[in-house]
There are 2 protein chains.
Amino acid sequence: MSVDEFALIDLIVAELGDRAQGDWVRLGPGDDGCVIEPVAGRQWVASVDTLIPDVHFPGAAPAELIGYRALMVSLSDLAAMGATPRYVLVALSLPQPDAQWVCALARGMAEAARTCDVYICGGNLAKGSLNITVSAHGDCDGARLLLRSGARPGDRVCVSGVLGGAAACVRTNQLNPGTRFIPGTRLTPVQERYFLPRARFDLIDKLADASAAAIDISDGLVADAGHLARASRVALHLDSTAVPVHPDARLQDALYGGDDYEILCTTPKPVAGLIPVGEVVQGSGVYLDGARVTQGGYQHF
Amino acid sequence: MSVDEFALIDLIVAELGDRAQGDWVRLGPGDDGCVIEPVAGRQWVASVDTLIPDVHFPGAAPAELIGYRALMVSLSDLAAMGATPRYVLVALSLPQPDAQWVCALARGMAEAARTCDVYICGGNLAKGSLNITVSAHGDCDGARLLLRSGARPGDRVCVSGVLGGAAACVRTNQLNPGTRFIPGTRLTPVQERYFLPRARFDLIDKLADASAAAIDISDGLVADAGHLARASRVALHLDSTAVPVHPDARLQDALYGGDDYEILCTTPKPVAGLIPVGEVVQGSGVYLDGARVTQGGYQHF
């Protein structure tokens, strides 16, 4: 039996049964991260991501950039939950112990960790096909969690920045910058968007104050709007003319391309700095300029 | 530059620099798990393990058994730190979305999770070579942590049970039981030791009361004794005649074979139920029946 990614996740969660959520697990699979509260008080938020060469990143790119991006992508899930990042664990599978490559990877990860004030305090090395798996952990006051399920009809839909840059980098074959990692230099603007994403921890207080529902845009605006709509059991109406498009990208990149790691959110009130791109209404699914969109996001299988 | 596993880990930790430990990270890389304390009180303990087919488990074995073992192996690190297990995240890379296999894997993991009262509340699916990465998380009162660094000259060295069974399973080519997962049935005694290890959470209170230093025996008794000796800056003297050998195993399996996941510990006082196998003395390294042992444990590269 071969099934698509989301159907397979549903099957796995069904097999886990009582083990997926309960007791000190306040929120199991289905959001950007899970929420754990073994003793009353602050919640832990946790997420895990795997990056495979030439699926999730260009294998020939500089290891510093691969490491930087791998860490930021994983931390972005914590930002989308409103959690303060605390630590990550990195499991690395390598065909050979190439110390120079691995050290460059670690250097890029450390740089991203410094940017987000998070520690890389544990890990694992194994011999195998190249696989970078990062589990990311943060804490949060429970009342300030940003869940996918919190969108309400009447909320405005916003994004946190320009979209499409990372997708334009992929589309224009700029995935091998062939340079060592020097933030801000030698990369084109769209390469910066692809290789040096920012996890938007700068927004989490503002979003929590605004009672936002949130998701990070990893699969693409329309696809992630679909995830948020489904979790909240509402419809999201998007206005394509309002979507902020990266100057070197096209509207299609901004709507359907992933990898930008900006935040898509819904809020009852206006929030300074966020860019309104639509509204939440009763119903289901995503509408673009009034027309229902068939999902077109990234599928792993 | 090609280096061995432990040298590579040292290089990585050096690259991480200030990001490996500090602030709320009480203990970074180097023990069975790291220790995090973002607010004063109970510590979180975290560890991550990767299992690759035909390196860390037989790829043709029943998926239920692979899943059960993968979870237990990862949880064992928490037991060796004295932490109560709370949740795990599972990152699974698969060449194809074989739902039947994945569901059996999840079933085995859920069974192990039930045994240890832990939740599998998050994960990730990716397309790639088969790779099972489990990050395991628990909490602990800081004063009751079981660290590798706590062994003192004069302590007795103990193990928590018979050793060598899992290694005998490998040596006698019993790695494909060709059966569905039914705990306690159809597996030979050494298959049970290999496929159905127990993370020894039943011992953590007793070990903490005894101020034990501890490590789980994954690489082999002698190799793990070496890790403990190095972390504590002491020598461990082992008496081979005292080592409890599984009835279907040989002494060599018990000394040098890994995968048993019993606990190796040192304690100042006798502890009921633990089997004394030697003593801690000033110095460095591991001595077997009085002779210095050159390390012979598992190396990933």
Side-chain angles (χ1 to χ4, degrees), chain A residues 1-5 8-9 11-12 15-17 19-25 28-29 33-34 36 38-39 42 46-50 52 55-56 86-87 89 91 93 96-100 102-103 106-107 110 113-114 119-129 131 133 135 137 139 300-301, chain B residues 1-5 8-9 11-12 15-17 19-25 28-29 33-34 36 38-39 42 46-50 52 55-56 86-87 89 91 93 96-100 102-103 106-107 110 113-114 119-129 131 133 135 137 139 300-301:
Chain A
M1 177 170 43
S2 185
V3 297
D4 80 16
E5 180 190 2
L8 188 53
I9 291 171
L11 289 170
I12 291 170
E15 288 291 348
L16 296 178
R19 291 298 98 191
Q21 191 168 328
D23 290 344
W24 50 80
V25 177
C34 52
I36 303 102
V39 288
R42 287 171 79 81
S47 176
V48 63
D49 271 307
T50 293
I52 305 280
V55 177
H56 305 104
R86 297 297 189 173
Y87 72 100
L89 307 176
S93 298
Q96 288 95 30
D98 177 342
Q100 196 176 358
V102 172
C103 286
R107 213 150 50 231
R114 256 171 231 119
Y119 288 85
I120 305 170
C121 55
N124 190 77
L125 274 183
K127 185 178 170 67
S129 301
N131 176 305
T133 295
S135 80
H137 305 268
D139 59 356
H300 285 86
F301 294 109
Chain B
M1 178 169 41
S2 186
V3 297
D4 80 14
E5 180 189 2
L8 187 53
I9 291 172
L11 288 171
I12 292 170
E15 287 291 347
L16 296 178
R19 291 298 96 192
Q21 191 167 329
D23 290 342
W24 50 80
V25 177
C34 52
I36 302 103
V39 288
R42 288 172 78 81
S47 176
V48 63
D49 271 308
T50 293
I52 304 280
V55 178
H56 304 103
R86 298 297 189 173
Y87 72 99
L89 308 176
S93 297
Q96 288 93 30
D98 177 342
Q100 196 176 0
V102 172
C103 285
R107 213 149 50 230
R114 257 172 230 116
Y119 288 84
I120 305 170
C121 54
N124 190 76
L125 274 183
K127 184 177 172 66
S129 301
N131 177 305
T133 295
S135 82
H137 306 266
D139 59 356
H300 285 86
F301 293 110

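Order of the sequence lines sets the chain letters (A, B, ...), proteins ahead of strands, with each chain counted from 1.
- Interface remark: of the candidates B:Ala46, B:Pro38, B:Ser129, B:Gly122, B:Pro38 forms the most heavy-atom pairs closer than 4.5 Å to chain A.
- Annotation: B:Tyr87 is not in aromatic contact with A:Trp24 [ring centroid separation under 6.0 Å not met].
- For chain A, the nearby part of B:Ile52 is the side chain; its heavy atoms alone come within less than 4.5 Å.
- With respect to chain B, the highest number of heavy-atom pairs below 4.5 Å among A:Ala113, A:Gly33, A:Cys103 belongs to A:Cys103.
- Looking only at heavy-atom pairs under 4.5 Å with chain A, the residue among B:Ile12, B:Val25, B:Val102, B:Ile36 that has the most is B:Ile36.
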(message) Checking B:Thr133 against B:Asn131 for the side-chain hydrogen bond (donor to acceptor under 3.5 Å, both in side chains) test, could you report, in this order, the C-alpha distance in whole Å, the side-chain angles of both residues, the deciding distance, and whether it holds?
(response) CA-CA 6 Å; B:Thr133 295; B:Asn131 177 305; 2.7 Å; yes

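- Nearest heavy-atom pair across B:Ala91 and A:Thr50 is CB-OG1, 3.4 Å.
- The two residues A:Cys34 and B:Leu89 have their closest heavy-atom pair at SG-CD2, 3.7 Å.
- For A:Asp49, the parts sitting under 4.5 Å from any heavy atom of chain B are the backbone and the side chain alike.
- Shown here for A:Gln21 and A:Gly28, the closest heavy-atom pair between the two residues is OE1-N, 2.9 Å.
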